[in-house]
Amino acid sequence: MRGNHIQVLKHAPQTRLMHWVHLISFLGLAVTGFGFYFQLVAVDYAFGGIGNSSIVHRWLGVLFVAGPSLYILSNYDRFARFIDTISSFSRDDFQWFKTMGGYIPGLKGDVPPQDKYNAGQKILGWVVIFGSLFFILTGFPMWLFRHSLPASSLNLLYTIHLWDAVLSTLAVLGHFFLAAIHPKSRVEFGSMMTNGYVDAAFSRQHNEKWYADLHGNE
Amino acid sequence: MPVASNAKIIEISAECKACDHCSAICPTGAISGVLGQQHTIDAAHCVNCGQCLINCPFQAIHDLSRLDAVQAALADPRRYVVVQAAPAVRVALGEEFGLPPGANVKGQMFAALRSLKFDQIYDTEFAADLTILEEGTELIERILHSRGPLPQFTSCCPAWIKYAEDRYPRLLPHISTAKSPQQMFGAVAKTYAAQKLQVDPAQMVVVSIMPCTAKKYECARPEMIASGYQDVDIVLTTRELATLIKQSGIDFLGLPDQAADKLIGSSTGAATIFGVTGGVMEAALRTAYEVLSGEQLEKVEFRSVRGLAPVREAIVEIPVKALGKKVPVKVCIVTGLKYVDPVVLDVLAGRSPYHFIEVMNCPGGCINGGGQPIRRDF
Amino acid sequence: MSVLIEKSGLNRRQFLKGAGLLTATVVISGLLAKFGIKAFARSTAYIGQRAAGVYSLDEAMTIRRSHQNPEVLQLYQEFLSPGEVKPLSERAHHLLHTRYGSDIPALIADLKIHALHAA
């Protein structure tokens with residue numbers, strides 16, 4: 001292992017770019033969104049004055065939709081493979097939940113072989129997809145149909161948007177913790193955030209079923 | 001004690017979520033603020049209609065309440081508290097107690113006011129009939145004897161009046177000089193009724209229950225003192241009456257069917273329809289037709305002026321005995337103040353074809369006023 | 001350093017799952033739009049219902065013409081225009097009519113003088 005230093009290219013450049021765009025827009029949306037909903041004046045003024053954080057929020061929202069949309073259109077095969085992976089659940093995935101992948105101290109047990117994404121990551125995938133959809137389906141009407149929608153509908157959209165924001169932020173915080181801080185999982189950090197590579201040894205252990213299907217770059 | 005006339009009747013609270021829904025609702029553009037910015041109301045242009053209030057998705061807009069002043073007056077043995085209730089209240093008050101919109105709670109409304117220990121319980125509809133006689137006669141005088149410019153505009157909507165005074169001072173001679181039913185009632189209560197009841201008008205407190213927030217502004221206008229006192233002292237909205245009833249522990253739905261007190265409390269069907277768009281027009285036509293023709297109408301309904309479209313028009317053929325011929329009376333009905341400008345501009349340009357124009361600020365009429373129960377149906 | 005990579009390409013199942021998700025998104029958006037339009041109609045239905053309530057009350061009243069209200073007629077006979085029913089009488093003008101805009105200060109002055117005389 002040491003001598004050969006085999007790496008796996010886990011995420012293509014387009015994928016990493018899309019992830020960065022989505023990440024940055026999400027962070028900006030969270031800061032501006034919580035900023036003007038809770039009237040955090042500091043946030044407003046950071047963007048140049050009251051009302052500006054709302055303008056920034058809307059256009060980041062456009063970016064938030066545009067990034068993944070362009071990716072899906074130009075990388076339909078990667079998108080479809082991703083959907084296939086996160087919608088395939090087997091006994092190995094249900095077993096994974098019993099030990100939570102070994103990430104929780106005290107929860108001991110063997111972790112069964114996993115796909116490209118482990119069972120927990122598959123769930124996160126759906127959280128991101130549905131979370132994003134709810135943001136988009138509530139957010140754009142809140143902006144574009146705010147005059148024509150009846151009051152109770154507008155209230156409902158704001159409520160859904162707010163709860164989505166709270167739950168998504170919590171999910172992202174958990175995701176960030178595992179991706180960048182937890183010593184067992186942050187090993188993979190570079191595969192999405194920098195050069196796309198992860199050690200073959202890591203993949204063979206943590207994503208056994210996917211590793212078996214890889215081939216050499218001849 | 002009159003409320004200062006520059007007191008803000010409608011105010012946006014700090015609960016505003018800056019969703020910007022209200023700025024399009026406001027018929028006069030009095031609300032400023034962009035999406036994401038806490039909105040504010042410019043009192044100079046606000047006509048106090050409360051449409052923003054009933055349509056705010058977060059119920060972050062409030063109207064000035066003098067409910068405590070009413071409770072104080074009721075508790076004060078020296079005060080003789082007289083109450084009037086508007087037509088539109090009796091088909092919406094039930095909603096605050098779980099009934100559907102349109103449910104007739106007229107009887108329970110009067111019973112509730114009696115349980116609340118008002119000294120006399122009257123009906124604004126009495127004054128609505130009075131308004132028809134005064135305003136109808138004024139219209140006939142303008143049409144037959146040119147005693148004023150045509151078309152004549154109705155004057156019972158205080159939001160419309162403020163709007164006209166702000167924007168179209170040249171139009172004012174066209175507006176009927178008749179006061180609104182609320183204000184006619186107050187003037188009559190503190191003179192005629194006070195005499196008949198042998199009550200000192202200085203001790204009389206006139207309260208009105210209205211579907212409207214602009215009426216709070218109207219009663220405090222400095223010229224509304226024809227009786228020698230402030231003609232109408234305090235206005236409560238339908239919502240505030242419901243609050244008062246609930247606070248007093250009255251079982252509203254279990255109340256018996258009661259009527260208003262006699263003297264200035266009787267009403268007619270014509271008065272009742274004042275609450276809906278086209279109603280003032282129809283009530284006026286019922287009287288104008290019979291007075292001008294000397295005939296009895298077979299059917300009193302004038303369906304051509306009914307409906308919910310924002311600007312409607314109709315032609316009513318009235319046989320005028322004095323002229324010995326039929327006059328096609330052309331009328332126009334506006335519901336929703338944001339639709340009134342083209343109609344007014346036609347009048348000012350001298351090209352309006354109408355004799356009589358009814359203007360109500362609120363879409364649908366007073367039944368959809370800023371003081372009514374707030375609906376949140378999907 | 002040698003690099004391992006994923007197999008490229010798409011099998012039928014993967015293609016269909018991706019397409020299915022996109023289709024579901026479009027369908028759900030359409031349903032929400034339909035809901036929004038229906039919601040608007042339902043949100044204003046109460047106005048027509050209250051209006052219907054008002055017209056029902058009118059139909060149930062014995063007297064349906066303003067000029068037949070007995071207490072109004074009595075008010076004219078006894079107070080506004082004693083002995084007759086005469087709208088626009090002097091007292092009616094004083095109590096029941098008003099002026100607007102720049103005419104108001106003069107009106108207030110008139111009313112105060114009138115009150116002085118009555119006292």
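Throughout, protein chains are lettered first and strands after them, A, B, ... in sequence-line order, and every chain is numbered starting at 1.
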Using 0.5 Å steps for rounding, measure from the OG atom of A:Ser153 to the CZ atom of C:Phe35. 5.5 Å
When you look at CZ of A:Phe89, are more than 12 heavy atoms from neighbouring residues, nucleotides or ligands closer to it than 6.0 Å? yes
Do A:Ser88 and C:Lys17 have side chains that get closer than 4.5 Å, going by heavy atoms? yes
I need the minimum non-hydrogen distance between C:Gln14 and A:Asp84, along with the two atoms involved. CG-OD2, 3.1 Å
Structural part of C:Leu22 lying under 4.5 Å from a heavy atom of chain A: side chain
Measure C:Ala33 against the heavy atoms of chain A and call it side chain, backbone, both or neither at under 4.5 Å. neither
Under 4.5 Å from a heavy atom of chain C, the part of A:Tyr211 involved: side chain
Would the number of heavy atoms belonging to other residues, nucleotides or ligands and lying under 6.0 Å from CD of C:Glu84 be above 12? yes
More than 12 non-hydrogen atoms from neighbouring residues, nucleotides or ligands closer than 6.0 Å to CZ on A:Phe97, yes or no? yes
Measure distances from A:Ser148 to the heavy atoms of chain C and classify the residue's part below 4.5 Å as side chain, backbone, both or neither. backbone
Measure the OG1-CD1 distance between C:Thr25 and A:Ile72 for me, rounded to the nearest 0.5 Å. 8.0 Å
Which answer fits A:Leu137, side chain, backbone, both or neither, if we ask what part of it has an atom under 4.5 Å from a heavy atom of chain C? side chain
If you draw a 6.0 Å radius around CZ in C:Phe79, do more than 12 non-hydrogen atoms from other residues or ligands fall strictly inside? yes
Output the option from A:Ser87, A:Pro141, A:Ala12 having the highest count of non-hydrogen pairs under 4.5 Å with chain C. A:Ser87
Is a side-chain donor or acceptor of A:Tyr197 paired with a backbone partner of C:Val3 at a separation under 3.5 angstrom? no
Less than 4.0 Å between a side-chain N and a carboxylate O, is that true for A:Lys116 and C:Glu6? yes
Going through the distances and angles, do A:Ile6 and C:Leu4 end up as a side chain to side chain contact (heavy atoms under 4.5 Å, CB included)? CA-CA 7 Å; A:Ile6 311 170; C:Leu4 300 174; 3.9 Å; yes
Where do A:Ile83 and C:Gly18 come nearest, in terms of heavy atoms and distance? CG2-N, 4.4 Å
A:Phe79 side, atom CZ; C:Leu21 side, atom CG - distance, nearest 0.5 Å: 5.0 Å
Can you say whether C:Ser29 sits under 4.5 Å from chain A via the side chain, the backbone, both, or neither, judging by heavy atoms? both
Side chain, backbone, both or neither of A:Ile129 within contact of chain C (heavy atoms, under 4.5 Å): side chain
Can you check whether C:Phe15's main-chain N or O pairs, donor with acceptor, with A:Arg81's side chain at less than 3.5 Å? no
Check the surroundings of atom CH2 in A:Trp126: do more than 12 heavy atoms from other residues, nucleotides or ligands lie under 6.0 Å from it? yes
